[in-house]
Amino acid sequence: MSADDREQTLQKLAPDQYAGIFEKKEKKKTGLPDLPGVKDGVVMRFAPNPSGPLHLGHARAAFLNDEYIRRYGGRYILRIEDTDPKRVDPEAYDMVREDIAWMGLSISETIFQSDRFSLYYDIGKELIRRGGAYVCRCDNEAFRDLKMHKTACPCRSQSPEEAMDLFEQMLEGAFAEGEAGVRLKTDLTHPDPAMRDFPLFRVLTSTPHERVDAVVYPLMNLSVAADDHLLGMTHVIRGKDHIANTRRQEFIFRYMDWDIPVYRHYGRMGIEGVVLSTSQMRAGILSNEYSGWDDIRLGTLRAMARRGIQPEAVRNAVVEIGTGETDIQFSWENLFAKNKEIIDKDADRFFFVPDPVPVTIKGCRPVTAKAMRYPGDEARGYREIPFTGSVLLPADELASGADYFRLKDLFNIRIVREDGNLLGEYAGDDLQEARSRKAPIIQWLPEGWSHPCTLKRPEGDVSGVCEPEAVASPDTIVQFERVGFARIDGTGETAVAYFTHR
RNA sequence: GGGCCUGUGGUCUAGCUGGUUAUGACACCGCCUUUUCACGGCGGAGGUCCGGAGUUCGAAUCUCCGCGGGCCCA
């Protein structure tokens, strides 16, 4: 019996149950899935390290949380996680602020973890008081061995009083770096060794912190758990790489009898052809491989901004990817498509002639071409481009072997090659003629009139010329016809445009 | 060494409380439109739903075993 037959038979035999069984399950997924446990509004966070500028990986976290804040209302906390001096670049504070402004997040408040060490100490003390933590003075290697064998180290048997006393000594600077740390008592027989008595605080004196005067530093699991509770976080959305941290933090929550937020972990994201690691990018900048944090070959937000990628395009792209736990390969094509949706309607069209070759055109009086700024939209007006007898044409078009062209918005020409010299002959105004000959319709510019322009692309620069109007004002996005979109960056003697995408 | 997560066309994604011609987007190809290889419209190709076994009338969906990718303790 086919599926349809069964369905029809059942409809006859048991019409009352039929509806329930074969009910069309249709739910239009619009964007992200709902979050469980939402009461009135949510409190969520974006919590970057100030170790460098923000990149696409950060944008995913930032926008995903932002989307839920928009959906449910509530508070969106920007938490600068600067407790580890080894992962703080003083210049990054400003960069992070700028990048967040660019994204347009609806941040309701900003806090710096470096301002909150005393809160972390208080929670450390409370954990000790509750018998949940001890001061471990074992050598790291030795502890690791014990841990692997599910064996307690001698320090673990401290009474809370002893532990408290030792912690106070730590805070007063009695121990050198590496000599003492605070560990949480979890479960030494936990099948996952990553859970066994993980560290909460350490002594750190070799790397000073610009904003903190301390010898005892909280480790991220302690500071993150503390702040997630103190700031009333209801939902936490972050990468899968934090799953183990989530479990560790839950140990702290349970010791302290705190309500545990709802966690969501999305998959890892690789980006084709791009290094996302801040340290690797920094190394590349120091070695002059990259021009800076906004080098267009990098995956930083400032690099994308420079290329003319719109923040909303990034938002749309990461929302489409969603919160799935599968590891994905982010594709630029995807982002470009989103970006084009946004910029196409606003970008005026202009001519850009890459690798221009001068060609004298015989047989036509000077005329002025009128070309629409935006095809089909008279209201946006026309560009007027003078033809004075000699034009610049793209080298690759001339090299293609074709000898009959339509100069867009002008007229047809025939190319004549004489002793290695290129000459053009006027070949009539008739567009239909050009079409029937399948002549390439190409961009052109008058010599002398046009503006030198370097088009910067990740694969390399292209030098050419463009219409003066195209590079009249910086930070505009134009479409160079038959080349692609570009963001005008510099308007000097030789203008600079960054290639966005086709 | 241990633990955890994950595997749907090239990329992303829906479906995953079992029954669909396996959804949509991007990319690709063709046609239409068009003084751009853009935008728009129409159409097309492209999938062993990682593999195997099992449960079932029926498995992308459930179970088990493999394999691949990723992460944590490092």
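Here is how names work: the chains are called A, B, and so on, in the same order as the sequence lines, proteins then strands, and each is numbered from 1. Predicted, not measured: the structure shown is a model, and the values here were computed from it. Side chains are part of it too, since the values below use all heavy atoms of this structure and drop only hydrogens, waters and symmetry mates.
There is no side-chain donor-acceptor pair under 3.5 Å between A:D348 and A:Q479. For A:E447 and A:S390, the side-chain atoms include at least one donor-acceptor pair closer than 3.5 Å. In the model, A:D187 has no side-chain atom that pairs as donor or acceptor with a side-chain atom of A:H190 under 3.5 Å. Side-chain contact, A:R380 with A:Y374: no donor N or O sits under 3.5 Å from an acceptor N or O.
Annotation: A:R373, atom CZ; neighbour count of heavy atoms from other residues, nucleotides and ligands within 6.0 Å is above 12. Surrounding CD of A:E141 are at most 12 heavy atoms belonging to other residues, nucleotides or ligands under 6.0 Å away.
A side-chain hydrogen bond (donor to acceptor under 3.5 Å, both in side chains) with A:N339 holds for exactly one of A:H501, A:R307, A:Q310; it is A:H501. Screening A:I69, A:N65, A:V236, A:D227 for a side-chain contact (heavy atoms from CB on, under 4.5 Å) involving A:R45 leaves a single residue, A:V236.
One interatomic measurement links the two molecules: NZ of A:K338 to C1' of B:G24, which rounds to 10 Å at whole-angstrom precision. The interatomic distance linking A:I321 (CD1) with B:A14 (P) rounds to 11 Å, in whole Å. Going from atom CD1 of A:I441 over to atom P of B:U33 covers 14 Å, rounded to whole Å. One atom, CH2 of A:W332, and another, P of B:C12, lie 15 Å apart when rounded to the nearest Å. The interatomic distance linking A:D187 (CG) with B:G2 (C1') rounds to 14 Å, in whole Å. A:L32 places its CG atom 14 Å from the C1' atom of B:A14, with the value rounded to the nearest Å. Taking atom CD of A:E467 as the reference point, atom P of B:U36 lies 15 Å away to the nearest angstrom. Atom pair A:I271:CD1 and B:C12:C1' shows a separation of 13 Å (rounding to whole Å applied).
A:E272 contributes no side-chain N or O that forms a donor-acceptor pair with the base of B:U11 under 3.5 Å. Under 3.5 Å, the side chain of A:E397 and the base of B:C37 form at least one donor-acceptor pair of N or O atoms.
Using a 4.0 Å heavy-atom criterion, one finds that A:P375 contacts the bases of the nucleic acid, with or without backbone contacts as well. Backbone-only engagement by A:R247 is indicated by non-hydrogen atom pairs under 4.0 Å involving sugar-phosphate atoms exclusively. Within 4.0 Å of A:Q479, counting heavy atoms only, lies at least one base atom of the nucleic acid. Among the protein residues, A:L431 comes within range of the nucleic acid bases, having at least one heavy atom under 4.0 Å from a base atom. Nucleic acid contact class of A:D344 (heavy atoms, under 4.0 Å, all strands): sugar-phosphate only.
B:A25 and B:C71 have their C1' atoms separated by 29 Å, given to the nearest Å. Rounded to a whole angstrom, the distance from the C1' atom of B:G41 to that of B:C49 is 32 Å. Spacing of P atoms, B:A27 relative to B:A74, comes out at 45 Å, to the nearest Å. The same atom, P, is picked in B:C32 and in B:G51; the two are 41 Å apart, to the nearest Å. Comparing the same atom, C1', in B:C72 and in B:U63 gives a spacing of 28 Å after rounding to whole Å. As rounded to the nearest Å, B:A53 and B:A59 have P atoms that lie 12 Å from one another. Of the P atoms belonging to B:G19 and B:C62, the separation is 11 Å, rounded to the nearest Å. Look at the P atom in both B:C65 and B:G2: the space between them is 16 Å, to the nearest Å.
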Any chance you could list the contact pattern along nucleotides 63-74 of chain B? Use B for base contacts, S for sugar-phosphate-only contacts and - for none, protein heavy atoms under 4.0 Å, 5' to 3'.
------BSSSBB
Let's go through A:D228 and A:Y263 carefully: what are the C-alpha distance in whole Å and the side-chain angles of both, what is the deciding distance for side-chain hydrogen bond (donor to acceptor under 3.5 Å, both in side chains) to 0.1 Å, and is it a yes or a no?
CA-CA 11 Å; A:D228 280 346; A:Y263 292 95; 4.5 Å; no
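Each of A:R435 and A:H190 was matched to the nucleotide of RNA chain B holding its nearest heavy atom; the match closer to the 5' end belongs to A:H190. A residue-by-residue look at A:E320 and A:F480 shows that A:E320 has its nearest nucleotide of RNA chain B further toward the 5' end.
Considering only the side chain of A:R482, B:U36 comes nearest among B:C39, B:C12, B:U36.
Under the Watson-Crick or G-U wobble criterion, with both distances below 3.5 Å, B:C71 is paired with B:G3. Checking B:U63 for Watson-Crick or G-U wobble geometry (two distances, each under 3.5 Å) identifies B:A53 as its partner.
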